[in-house]
Amino acid sequence: MSKEIEMDLYKANRLLEINKMLTQTLQLNEILHNVVQAACELVEVADVILIYLYDEETNLLRFAKGQGVNEEALARVEFAPGESITGKVFVHQQSKLFTSRLEIEEHMENMTEENARHYYEGVQQRRVKSTFCVPILNKNRCLGVVVVNNYNRDSIFTAEDMNVIEVVAGQSAIAIDNAKVYEHLQQKNVLLEKSMSIHKTFYQLIIEGRGIETVISLLERMISSTSTVRYHSYLDVEENMHTFPIRRGMDTLGYLSLTKPFMQFSEMEKIIIEQASLSIALELIKENALYEKEIHFREQVFNHLLEGLSGRELEAALHYVNWRTDTRVQCVIIEGNQKPLWQVEQLMEKEKLIKSVEQMLRSERVDPLIFTRAFQLIIILPASPEQTVQELLSSIRQLRLANLDIVYGIGRETSVQELSVSYKEAIRSVGYAKRYQIPVVEYSMLGLERLLYELDQELLERFMNDKLHRLQSADSTLIHTLKQFIWSNRNQKQTAKELHVHPNTLYYRLKKVEELLEIDFSNEKDWIDFVVAFRIYVELNEK
């Protein structure tokens, strides 16, 4: 038997042995060692064997194992896909044999300066005489590249040499993929165990009542000795790249401000930040529950004031809100126009609304009584010599409420003992605002519409029909003329101008109405009755 045939048999048997070895382990380092050893044995003229594996997180090819090189220097090499021979073979997923030094250098010329420095340090500044690169493929996915170099020997690589390493690379691909999956699962398991331990540590601090600051202090020590972390209320900052939201379901309870974006932390540090956030969320939920009780107590104080307390009971209620018995108050009600101010499943939105309004008013040195009733925000404002209710309302509307579709109802200023009057007026004002799509309604500024809105509709219709029943069949031109005549306060010249008609035309129209209704517009009583009846007609027909 010839030496050539003996060599072929040896290689075939060795390939079978390699395949067996590769399938018997899930340790990536052992698999790579076996591949390198096999390549050294099967390719006689090889000086250097290099294996680069693709890192999906960084999208780079990193040195993983080698023979005949300075591994420490090569560990700093990071090839991008398409960079140098290694990157090109990775992208095209086809083996490549180079037998010319000139061709080799042409394919390596796009190597970055930093990678070139580390690469040549790793191969002891030697120049390649011949080389071939083989992709490690599994199910059309390239896991990395095997590089075989010849620096010193006179012989050059052949296609047969490359074919042998292709078989080894193909055998190793599945083993490498399985090892990576196994390694990933092991890492996840370790992270899960550490995560549970970290969770217990932070959770215990909350259970012991150590507070948010203690959690933050521990978090800083666990992620980095130089990292500074701050907790911020949802009222203080907006979410950005350096903040990590503290959430419960759809609600954002606050933020952790970090020294760098969250994604730049290590996997372990991310878990620590997340667990700290969950623990702080528990503390904030507890605080939110206490705040809900506080809001409920405020409503009870309000209910007592509505009952018309006197003596010590009144003084006790007023002491809570820092008012005196001679304090003048005014009720403001805020309500959603077409939909509620907050969603039932997002109770933190209600707290945000209350706290932002309260914070703004206290910054204006006002001691309000703020609480909620159903989906209304109710504010009782003590009279202030420095700020009118209109000025305070303007400041409130500059908050995050500015983009919401809401209405405001304002009752008149009353004594504390008559708070119920201002409250009922604010309720009526909100109702009027929603009915006629007016953002802000102040009860004291309402005129005749106040009566029209509050009186029984059947009573209003009877009065209107008694006064205007003969006008029911009039055309729209006549109705429009009467509207303008009322708005112009019986000024015929101004009315004719606004209607773009001749004064004589207006005169005949008005005379026609007087004859139809048997009234005289110059008679004050007839005029007042007509105006009231006509306003009722407009309100009932245009609401």
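None of the values given here were measured: they were computed from a predicted structure. Along the sequence shown, residues carry numbers from 1.
D47 and Q67 share no donor-acceptor pair across their side chains, judged by distance under 3.5 Å alone. For the residue pair E208 and Q204, a side-chain donor N or O sits within less than 3.5 Å of a side-chain acceptor on the partner. No hydrogens or angles considered: nothing links the side chains of H242 and S257 as a donor-acceptor pair under 3.5 Å. When only modelled atom types and interatomic distance are considered, R127 and Y120 share a side-chain donor-acceptor pair under 3.5 Å. In summary, the side chains of K129 and N149 do not present any donor paired with an acceptor at a separation below 3.5 Å, with no hydrogens or angles considered.
A433 and V441 get closest at one heavy-atom pair: CB-CG2, 3.5 Å. Contact between P368 and I379 at its shortest, heavy atoms only, is CB-CG2, 4.2 Å. Of all heavy-atom pairs spanning C142 and P135, the tightest one is SG-CB, 4.0 Å. Scanning both residues, V134 and M162, for their nearest heavy atoms gives CG2-CG, 3.9 Å. The two residues V89 and Q94 have their closest heavy-atom pair at CG1-O, 3.4 Å. Between F202 and S279, the shortest heavy-atom contact is CB-OG, 2.9 Å.
To the nearest 0.5 Å, atom CD1 of residue I295 and atom CD1 of residue I378 are 11.5 Å apart. Between the CD atom in E83 and the CG atom in L61 there is a gap of 9.0 Å [rounded to 0.5 Å]. Atom OH of Y432 sits about 8.0 Å away from atom CZ of R435, to the nearest 0.5 Å. One distance of note links CD of Q376 with CZ of R373; it measures 8.5 Å at 0.5 Å rounding. Remark: E72 CD to E121 CD distance equals 8.0 Å, nearest 0.5 Å. From N115, atom CG reaches atom CD of E78 across 7.0 Å, with rounding to the nearest 0.5 Å.
Between Y255 and I246, every side-chain heavy-atom pair lies at or beyond the 4.5 Å cut-off. Counting only heavy atoms from C-beta outward, the side chains of I427 and I333 approach each other to under 4.5 Å. Residues L381 and V332 meet the side-chain proximity criterion, which asks for heavy atoms closer than 4.5 Å. Here the side chains of E364 and L392 are in contact, with some heavy-atom distance below 4.5 Å. Side-chain contact between L282 and I207 is absent, with no heavy atoms from C-beta onward closer than 4.5 Å. V366 places none of its side-chain heavy atoms less than 4.5 Å from the side chain of R362. Two residues are said to be in side-chain contact when any heavy atoms from C-beta on lie closer than 4.5 Å; L50 and Y119 meet this criterion. Contact annotation: the side chain of I104 approaches that of I85 to within less than 4.5 Å [non-hydrogen atoms, C-beta and beyond].
Ion pair E71/K65 not flagged as a salt bridge, since none of the NZ, NE, NH1 or NH2 atoms sits closer than 4.0 Å to an Asp/Glu carboxylate oxygen. Between E220 and R230, at least one side-chain N (NZ, or NE/NH1/NH2) sits under 4.0 Å from a carboxylate O, which counts as a salt bridge. The pair E358-R298 meets the salt-bridge criterion, since a charged nitrogen lies less than 4.0 angstrom from a carboxylate oxygen. Note on R141 versus E56: salt bridge recorded, some NZ/NE/NH1/NH2 to OD/OE distance being below 4.0 Å.
Under the 3.5 Å distance criterion, the side-chain polar atoms of S217 are left unmatched by any main-chain donor or acceptor of T214. A distance-only check finds a donor-acceptor pair linking the side chain of E269 to the backbone of S266 [under 3.5 Å]. Side chain of S84 to backbone of G87: no donor-acceptor contact under 3.5 angstrom is found. With N163 contributing its side chain and A159 its backbone, the two residues share a donor-acceptor pair below 3.5 Å. A donor-acceptor pair is defined here as one N or O able to donate and one able to accept, closer than 3.5 Å; no such pair exists between the side chain of E294 and the backbone of Y291. In this structure, T131 contributes its side chain and V148 its backbone to a donor-acceptor pair below 3.5 Å. Side-chain N or O atoms of S394 include none that pairs as donor or acceptor with a backbone N or O of Q390 at under 3.5 Å. A donor-acceptor pair under 3.5 Å links the side-chain atoms of N110 to the main chain of G82, judged by distance alone.
Aromatic rings of F79 and Y52 (six-membered ring for Trp) have centroids within the 6.0 Å cut-off, being under it. F132 has its ring centre no less than 6.0 Å from the ring centre of F98.
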Before you tell me yes or no, could you show the steps for F302 and F371 under ring pair (Phe, Tyr, Trp, His ring centres under 6.0 Å), namely the whole-Å CA-CA distance, both residues' side-chain angles and the distance that decides it to 0.1 Å? CA-CA 9 Å; F302 172 75; F371 60 95; 4.7 Å; yes
Is there a side chain to side chain contact (heavy atoms under 4.5 Å, CB included) between E283 and K286? Walk through the geometry before answering. CA-CA 5 Å; E283 181 68 15; K286 182 175 69 175; 3.2 Å; yes
From CA spacing to verdict: side chain to side chain contact (heavy atoms under 4.5 Å, CB included), L256, I280: CA-CA 10 Å; L256 294 176; I280 293 172; 3.7 Å; yes
Are L361 and I370 close enough, and set up right, to give a side chain to side chain contact (heavy atoms under 4.5 Å, CB included), and what steps lead you there? CA-CA 10 Å; L361 290 173; I370 302 180; 3.9 Å; yes
Please test F157 against T99 for side chain to side chain contact (heavy atoms under 4.5 Å, CB included), starting from the C-alpha separation and ending with a verdict. CA-CA 7 Å; F157 296 124; T99 57; 5.8 Å; no
Between Q437 and N337, is a side chain to side chain donor-acceptor pair (under 3.5 Å) present by the stated rule, with each step listed? CA-CA 8 Å; Q437 297 300 301; N337 186 17; 2.9 Å; yes
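For NZ of K339, the number of neighbouring non-hydrogen atoms (other residues, nucleotides, ligands) closer than 6.0 Å is 12 at most.
Taking the six-membered ring where the residue is Trp, F265 and F262 present tilted rings, their angle falling between 30° and 60°.
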